[in-house]
Amino acid sequence: MCGIVGYAGTSSANADHGALDVLIEGLRRLEYRGYDSAGVAVVADGAIHSRKKAGKLVNLENEIAQAPLPESVTGIGHTRWATHGGPSDGNAHPHLADGGKLAMIHNGIIENFAGIKAELLADGVEFLSETDTEVAAALLGKMYSNGADGDLTKAMQLAVQRLEGAFTLLAVHQDHPGVVVAARRNSPLVLGLGDGENFLGSDVSGFIDFTRRAVELGQDQIVTITPESHSITDFDGNPAEGKEFTVDWDAASAEKGGFPSFMEKEIFDQPAAVADTLLGRSDAEGRLTLDELRIDAEDLTKINKIVVLACGTSAYAGQVAKYAIESWCRIPVEVELSHEFRYREPIVDKKTLIVSISQSGETMDTLMAVRYAKEQGAKTMSICNTNGSTIPRESDAVLYTHAGPEIAVASTKAFLAQITATYLLGLYLAQLRGNLFSGQIKDILADLGKIPAKIQDILDRSGEIKELARSMADASSVLFLGRHVGYPVAMEGALKLKEIAYIHAEGFAAGELKHGPIALIDDGQPVFVVVPSPRGRDSLHSKVVSNIQEVRARGAKTLVIAEDGDNAVKDFSEFVFYVPETPTLLMPLLATVPLQIFACELATAKGFDVDQPRNLAKSVTVE
Ligand code: M6R
């Protein structure tokens with residue numbers, strides 16, 4: 001959940017930037033991972049110099065402006081999402097140890113810190129914070145002096161052998177200018193390769209301003225960087241390899257591009273996110289070629305069940321996938337929250353295909369669930385937006401979404417790209433297993449190909465929904481209803497509002513209303529209703545129109561998302577936003593967009609920071 005960055009350079013090779021420039025720029029890009037506090041430590045003049053401050057990065061910048069740091073070319077930086085100890089200056093990272101000679105930053109949770117702390121207290125070590133990190137720093141200091149003979153990498157090996165839990169640790173020592181040592185277990189870390197300088201980051205955005213050459217690091221590895229070199233070992237000191245890759249986006253993709261917030265920019269990126277995710281994955285005859293899947297076609301024809309594992313917005317993408325894949329492939333699809341799956345006794349075997357969905361590829365709940373499913377013999381496939389991240393690396397197969405970097409904590413473009421990827425998977429399975437004729441697949445792909453322009457049409461009319469949002473800035477509760485694929489859309493609409501506008505919001509299956517939730521409806525209660533196409537299946541449309549009438553009869557203010565030309569809803573709605581016609585199964589790619597715009601605008605009207613909502617972090621790397 002925290003963001004970490006490390007740097008080792010030389011003043012001659014990289015004259016235009018020093019360690020502090022790299023660290024602050026990296027933290028600015030990684031701040032989406034947590035913003036309870038920020039801090040840096042640099043090595044200069046044979047000493048460690050550190051500044052840290054509770055709150056957002058700007059507080060740290062102000063602190064450094066008042067108490068400048070010396071010039072340096074070696075350092076570490078941290079932006080925190082608090083776990084052990086509240087978000088105070090004292091609990092902010094870096095933590096110093098060994099009489100201030102070394103500094104450490106950490107992402108994750110060290111589960112056995114209490115026992116180690118007791119041992120160190122007995123040795124006479126004093127602790128200034130409530131964090132598990134300070135315990136790890138003190139342990140590193142102890143190992144440095146006893147056992148490692150002043151070798152910082154060796155000391156890290158000895159220290160991590162004592163630690164349990166999830167951690168990425170970065171350390172610098174006053175006696176080793178030009179050296180940063182890092183270790184990772186169950187927590188993300190990427191190495192960036194520069195010219196006369198090297199970098200470490202929680203993800204590539206930590207150094208994207210300086211290099212696009214990156215190296216994926218494996219589980220339980222230690223990496224030591226200097227300006228000219230890097231060496232990777234396992235926790236026992238045996239040499240290990242990383243996998244080099246080139247980042248396929250640049251620093252400009254991670255800028256706001258003239259929009260007031262990353263979230264709004266990312267909402268407007270959605271035509272491209274869907275188009276790019278579709279790109280190159282089918283030919284003119286409508287034949288899908290998902291070569292990158294790395295999973296045997298024969299194995300895929302043998303699966304008898306799909307289990308989708310994900311959290312939050314990604315889980316709602318999974319729920320949309322269930323409707324589409326079951327309809328196209330006639331394979332049962334279960335969708336389960338990763339953390340619930342992991343700690344029961346799920347029934348999976350080698351005929352089960354696990355499809356994990358994760359924007360970051362680092363969500364710990366999902367990673368643990370995937371590992372567990374693998375141990376049970378299931379095939380695992382990852383739908384992911386982050387190249388080189390842990391979940392795709394540990395899965396048998398991967399289908400990358402091409403949404404580009406998503407910075408705002410509230411997921412938007414990644415959601416639409418995830419849904420698109422699950423459609424591709426469903427159609428591919430239908431092609432392999434012969435559930436659909438090639439002409440049918442071609443038609444669906446053609447409909448998918450029209451989606452980006454239809455999203456653009458919605459974005460061009462965003463003013464209508466923004467005006468509604470501004471008029472509702474005082475709302476204290478908003479309900480969302482949907483049926484079929486409209487149900488996960490309703491839940492996603494509610495989640496967006498909760499996350500960034502801090503308004504009570506619930507998404508319900510419209511049919512469930514009469515079984516309880518309708519008691520919530522009172523005079524003026526705003527209710528969004530996602531209405532399926534009137535051209536769609538059976539009586540789905542008329543059932544939802546009846547649900548609108550039921551809530552309206554009890555005083556609800558009905559706000560409707562309906563398909564172009566659906567006149568049946570007009571008489572029962574205070575507000576209607578029309579989305580272009582599309583087949584029912586693809587409708588979430590359109591109906592979600594006005595709900596995202598609504599939440600973004602309402603939160604903005606309330607004066608909230610939509611990119612960095614309170615209590616949240618973009619990447620949830622603790623269980
Ligand atoms: O990176 P992931 O897709 O695995 O993240 C899963 C959830 O934490 C994430 O979707 C979260 O719910 C978002 N803040 C929703 O906007």
With a sphere of 6.0 Å drawn around [atom1] of [X], does it hold more than 12 non-hydrogen atoms of other residues, nucleotides or ligands?
X	atom1	answer
E241	CD	no
D234	CG	yes
Q161	CD	yes
Q219	CD	yes
K154	NZ	no
K101	NZ	no

Checking side-chain contact (heavy atoms from CB on, under 4.5 Å) between E134 and each of L128, L120, L96, V125, which is the one that passes? L128
Cationic N near anionic O, under 4.0 Å, [X] to [Y]:
X	Y	value
E31	R28	no
E394	R371	yes
R29	E255	yes

Within the 4.5 Å heavy-atom criterion, are [X] and [Y] side-chain neighbours or not?
X	Y	answer
L163	L169	yes
Q359	T386	yes
M381	S395	no

Do the ring planes of F608 and Y502 sit parallel (below 30°), tilted (30 to 60°) or perpendicular (above 60°)?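 Taking Y502 first and then F608, their aromatic rings sit tilted (interplane angle of 30° to 60°).
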Is the F199 ring parallel, tilted or perpendicular to the F210 ring (thresholds 30°, 60°)?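 Plane angle under 30°, so parallel.
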List the steps, then state whether side-chain hydrogen bond (donor to acceptor under 3.5 Å, both in side chains) holds for Q418 with S314. CA-CA 7 Å; Q418 288 165 343; S314 300; 3.0 Å; yes
Pair T363-D365, side-chain hydrogen bond (donor to acceptor under 3.5 Å, both in side chains): steps then yes or no: CA-CA 6 Å; T363 297; D365 290 317; over 6 Å; no
The test is side-chain hydrogen bond (donor to acceptor under 3.5 Å, both in side chains); show your working for D236 and Q157 and say whether it passes. CA-CA 6 Å; D236 294 321; Q157 281 165 21; over 6 Å; no
CG/N385 to OG/S411 distance, rounded to the nearest 0.5 angstrom?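 Reported value, rounded in 0.5 Å steps: 8.5 Å.
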K379 NZ to I354 CD1 distance, which is reported to the nearest 0.5 Å: 12.0 Å
Please tell me whether H17 and E25 have a donor and an acceptor in their side chains that are separated by less than 3.5 angstrom. no
Can you check whether F113 and H106 have ring centres sitting under 6.0 Å from each other?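 For F113 and H106, the ring centres are not under 6.0 Å apart.
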